[in-house]
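The structure appears below as structure tokens.
Start at 1 and go down the list; that is how both ligands and their atoms are numbered.
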Amino acid sequence: MLKTNEIIKKYGKPNQQGSYLTTITLPYPMRIAWDTKTKVTKMRCHRQVADDFLGVFNDLLSHYGYEKIVELGIDLFGGCFNFRQMRGGSEYSRHSWGIAIDLDPERNQLKTPYLKSNFSKPEYKKLHEIFEKHGFNNLGKTKGYDSMHWEKIE
Ligand SMILES: [Zn+2]
């Protein structure tokens, strides 16, 4: 995991405007997790990780296929760029750089122990492998909570 000073060195100082962001076109639409009738086809993220996010989404699509992605709730988008401090902390959330993404927050909540979260189930094994292949890891898996959250570790 990167420390905050290492992230600043690599990705710059976080700011409200997100001057380091770019917009990527998703290979499949994602549903807004808190408004599932609304679909998005674009996502803003840090330009240095844009190719990694695209790699994740493309690999997910070729492995699971769109129908399975929806069935598993992997398309439930909980946000990427969001300039804010960590919940209960003074450090910046990794979302402030647009190098983290939340998926299916309802079934993978902040305080739910990892083994009770949806993403710990066997059908999501490949989801973890794909994110890890592109340099992201899941906070649930590594810290035991906040399983919705995937962040860049390099
Ligand atoms: Zn998150």
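Residues satisfying the salt bridge (charged side-chain N to carboxylate O under 4.0 Å, His left out) criterion with K125, sequence neighbours excluded, are E129.
Centroid-to-centroid, the aromatic rings of F136 and W150 stay 6.0 Å apart or farther.
The CG atom of L26 lies 5.5 Å from the CZ atom of F57; values are rounded to the nearest 0.5 Å.
Residues C80 and H95 approach most closely at O-ND1, 2.7 Å, considering heavy atoms.
Take a cut-off of 2.8 Å around the Zn ion (ligand 1): the protein N, O or S atoms inside it are H95 NE2, D102 OD1, H149 ND1.
E132 and H134 share no donor-acceptor pair across their side chains, judged by distance under 3.5 Å alone.
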Next item on the list: Take S62 and D59 through the test side chain to side chain donor-acceptor pair (under 3.5 Å) and record every step on the way to the result.
Entry: CA-CA 5 Å; S62 41; D59 284 359; 4.6 Å; no
